[in-house]
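First up is the structure itself, then whatever we jot down about it.
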2 protein chains.
Amino acid sequence: MYDLTIELCADSDKCLYEQIYDYIKAEIRDGKLLAGERLPSTRSLAEYLQVARSTVEYAYEQLLSEGYIESRPYRGYFVCAMEELFRMEEPGKPYVREQESPDQARPGEVWEYNFSPHEIDMSGFPFGVWKKITKNILTYGNSDLFARGEAQGDYDLRETISRYLHSSRGVNCRPEQIIVGAGNDYLLMLLEKILGRHVRIAMENPTYIRTYRIFQSFAYDIVTVDMDESGMRPDRLTEENVRAAYVMPSHQFPMGTVMPIGRRMELLKWASGAPDRYLIEDDYDSEFRYYGKPIPALLASDKQGKVIYIGTFSKAIAPAIRISFMVLPRPLLERYRAECSFYSCTVSRIDQRILNEFIRDGYFERHLNKMRKIYRAKQELLLRCLEPFQREYTISGENTGLHLILTAKGDVTEAELLERAGREGVKVYGLSESMVEESNRKATVLIGFGGLTREQIAEGMVRLQRVWL
Amino acid sequence: MYDLTIELCADSDKCLYEQIYDYIKAEIRDGKLLAGERLPSTRSLAEYLQVARSTVEYAYEQLLSEGYIESRPYRGYFVCAMEELFRMEEPGKPYVREQESPDQARPGEVWEYNFSPHEIDMSGFPFGVWKKITKNILTYGNSDLFARGEAQGDYDLRETISRYLHSSRGVNCRPEQIIVGAGNDYLLMLLEKILGRHVRIAMENPTYIRTYRIFQSFAYDIVTVDMDESGMRPDRLTEENVRAAYVMPSHQFPMGTVMPIGRRMELLKWASGAPDRYLIEDDYDSEFRYYGKPIPALLASDKQGKVIYIGTFSKAIAPAIRISFMVLPRPLLERYRAECSFYSCTVSRIDQRILNEFIRDGYFERHLNKMRKIYRAKQELLLRCLEPFQREYTISGENTGLHLILTAKGDVTEAELLERAGREGVKVYGLSESMVEESNRKATVLIGFGGLTREQIAEGMVRLQRVWL
């Protein structure tokens, strides 16, 4: 038997039993104690090390639990047989931090003015209200909030969402049809489980490229369909034999096209032509329309259960509020309930309750009205700043929400425009980033205004004028 | 031309332009105004209705935006041609509210004592601390918190998690390897995108049935592998040619088996036998060990990048805290970065920051120590209450965390045991619920103690004694 000469250190961070445990474990791992060897009895080791017997027992217990040693009745403790321990370390290549999102400057680049179409204005965010609601919710009486919630999301919130959809999007749906989830990306992943694999899906070109990438990662068979001035052309859907079409009827990203009721009806007619055809309506950003009433959702015209509606609060409140929702037509709801309802809800109940009170008590509407005014003023300012560009560029996209679109009349390329802007520290976004397939469009750029102040918009546009005119 | 006799109501909720808009829209939808018909000019309609011309113009603008009418230069406004509007309503079958989770009593059932193995004790939750941290975070200076965050989760939180994994789970990993997500279910969905489709995966039998259902919904090819007293048997993995194995080495659910180091090494050796083989370690509940040091994670022994580690805070803090994380080995991290990093993080930055401070400032450790004491006392109480059962039942599962396991020595069936308990208003959980494949085990039930008070445990056990002995 092996002599365990363990140098115990009384003023170590580790207590005595841990030091014994660590020592023996290391001896086994290093191959100095071999499989089948017997350890000293707890009594003899305790005497040898001059510690209490219970200290050694405690160390042996832990080694037993982890499977380093085994106890044989009346015989003592033995080192277990085990696969040779791997001593190879992983190659020492350091882990690098992931790349930032394409909306952020890479090291070396300086974007003094980032005209991102995805940024929003956070200065209008009602911190005070949010904080007050949060504080009221986090009280001892609400401990049920920390318990597991319903898979589809809290019923109260779903009721509030259905009321909101009715008043602001013209939609009649039941809270039972709504599934709350942490962001659109997650809801699309869930939808994949409901719709099934190998779906042949139509998308507009250009489209919201993040969704395109998501469908790609689903191994969906993606058919790109050109747009005319009303949006997605329905004739191609039948020709191409697709099962679902992804559309943004309230205002298409990035073109800002509002789909007229006639085209909506054509799409609905297409969908009703076969039992398992669906339209996926991404109602992203629909709150930000600055003239007239909001355009109703496509779902509002759907009488046959053909529209899967996805809405989000990330844009209208704050990107960090990871709460989106999906409205399912009956056949898909039934499939969800039967096959997917064991997926836990991805949004914390606390956050659901905060959002519920924020909407229910009228803060959301007030916030939207305030933001509409702010964005409308920014859009007007940007339009004024774009006036000098009118001779050489076509300006469009008044319905897009948070950006405008500039198309060159001449032969300059998109890359040239971006490069010249970049030299001035100005970041604008090429339409090609939203294109699934290349087309020989004139050079087109998106100029977002959500995240910039009025001063930044004005100054950035002066710089663009310098290099684009 | 059609005469638009619109009865305008001055004291309606709707303003005049909206009444005109609604009226014309309804006429078009009802087929009373037909495609190609000309509308009265704005001037003549305004005169006819005795309203300002701008009121009619505003109504027409909205109809134009939505595509109900079109404007032909010098000729006026015409009703658009569109697919026949669907007038069929959906069949009037009411939507029913979804079923509650199987852990909740159905209507008609009364569970006075629910010995659920999944419930936790929320009485120990540090509301005050949570509220204080939240309050400090929701200040105006932190408005960046409401902006979009990093896809893998906030770096600060990932750093804190990596430090926590080091100190409490014996794991060395880099924050770069960690992906934060809203719950294990979501992380498994993301893992599906990384590992790819049609994975042949091994699971223990019995296992955590929720994960089994999730893998089923992925259309994974699931191979169930029997357990011996050390856990999953590695010989079957090679035989069955699986690519991944899902294990819970710290304590298996539901059996509570702690996988000894020798078996861990065998599994790691199997995984290193081919480049794309992985072990998925679900370290669920590992914090709740009441005697000795915590058992290190399997990941702690992995030197070759073979372990995908999944941990959660839902159990250790509160189910409503939807924050889990996954540690990826290098090859899968690279695949994630290349193919999946466009998926937005599903956890709000506010929640990430709260959790970060909760762990970083030592509250989490204090909370865990407190909960371990609470659960240990409950486990001891339950063990005492089970003493009278020892002659007819075998009691096991001291390592399971939040439940114990009772196996009948006689020929009573599981269904009988559940039924007799139910008559007393006591809910216990049959092992068969965790079985993927039937086996001819003796009747076995799980008795959870996390969510019940000490009084409830004692009283519930008295009732069980009445019907089970």
Side-chain angles (χ1 to χ4, degrees), chain A residues 61-62 65-68 80 82-83 85-86 88-90 95 97-98 122 125 127 131 134 138 140 143 145-148 152 174 176-177 182-183 185-186 189 193 210 213 217 258 260-262 265-266 269 292-293 295 303-305 318-322 337 341-344 346 348-351, chain B residues 61-62 65-68 80 82-83 85-86 88-90 95 97-98 122 125 127 131 134 138 140 143 145-148 152 174 176-177 182-183 185-186 189 193 210 213 217 258 260-262 265-266 269 292-293 295 303-305 318-322 337 341-344 346 348-351:
Chain A
E61 276 300 323
Q62 187 67 27
S65 306
E66 297 187 17
Y68 285 95
C80 288
M82 58 188 83
E83 288 292 328
L85 296 167
F86 297 113
M88 283 168 282
E89 289 289 330
E90 261 195 288
Y95 282 97
R97 187 141 171 204
E98 62 272 19
M122 284 302 302
F125 183 78
F127 283 101
K131 193 167 170 175
T134 307
L138 285 180
Y140 288 83
S143 68
L145 264 187
F146 288 86
R148 190 141 44 134
Q152 288 189 217
R174 293 281 313 157
E176 284 77 4
Q177 292 175 267
D185 301 1
Y186 168 72
M189 280 169 121
K193 305 292 171 229
R210 176 192 287 277
R213 292 217 191 96
S217 81
V258 176
I261 183 74
M265 287 301 156
E266 286 177 283
K269 191 187 168 200
K293 283 159 62 84
I295 305 287
K303 303 292 184 211
Q304 302 207 308
I321 309 298
R322 308 298 306 154
R337 295 256 177 99
S341 59
F342 51 81
Y343 283 107
S344 311
T346 43
S348 96
R349 296 187 76 185
I350 303 161
D351 294 350
Chain B
E61 277 299 323
Q62 187 67 28
S65 307
E66 297 186 17
Y68 285 96
C80 288
M82 60 188 81
E83 289 292 328
L85 296 165
F86 297 112
M88 283 168 283
E89 289 289 331
E90 262 195 288
Y95 282 97
R97 187 144 171 201
E98 62 273 18
M122 283 301 302
F125 183 78
F127 283 101
K131 193 168 169 174
T134 307
L138 285 180
Y140 288 83
S143 68
L145 264 187
F146 287 87
R148 189 142 45 131
Q152 287 188 218
R174 294 280 312 156
E176 283 78 3
Q177 293 175 266
D185 301 1
Y186 168 73
M189 281 169 122
K193 304 292 172 231
R210 177 193 286 277
R213 290 215 193 99
S217 81
V258 176
I261 183 74
M265 288 301 157
E266 287 177 284
K269 190 185 170 202
K293 283 160 62 84
I295 304 288
K303 304 290 185 212
Q304 304 207 307
I321 309 297
R322 308 298 306 153
R337 295 256 177 101
S341 59
F342 52 82
Y343 283 107
S344 312
T346 42
S348 98
R349 295 187 76 185
I350 303 163
D351 294 350

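Here is how names work: the chains are called A, B, and so on, in the same order as the sequence lines, proteins then strands, and each is numbered from 1.
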Side chain proximity check, [X] to [Y], heavy atoms < 4.5 angstrom:
X: Arg322(A); Y: Thr346(B); value: no
X: Ser348(A); Y: Asp351(B); value: yes
X: Thr134(A); Y: Lys131(B); value: no

Exercise. So, Ser217(A) versus Tyr343(B): side-chain donor-acceptor pair below 3.5 Å or not?
Worked result: yes
Look up atom [atom1] in [X] and atom [atom2] in [Y], then write down how far apart they are to the nearest 0.5 Å.
X: Ile350(A); Y: Ile350(B); atom1: CD1; atom2: CD1; answer: 11.5 Å
X: Ser65(B); Y: Ile261(A); atom1: OG; atom2: CD1; answer: 12.5 Å
X: Ser341(A); Y: Arg213(B); atom1: OG; atom2: CZ; answer: 8.5 Å

Exercise. Can you name the closest pair of heavy atoms from Pro260(B) and Gly67(A) and give their distance?
Worked result: CB-CA, 3.3 Å
Exercise. Which pair of non-hydrogen atoms, one from Arg97(A) and one from Arg337(B), has the smallest distance, and what is that distance?
Worked result: C-NH1, 4.0 Å
Examine whether an atom of [X] lies under 4.5 Å from a heavy atom of chain B, and if so say whether it belongs to the side chain, the backbone or both; otherwise answer neither.
X: Glu61(A); value: neither
X: Arg174(A); value: side chain
X: Met189(A); value: both

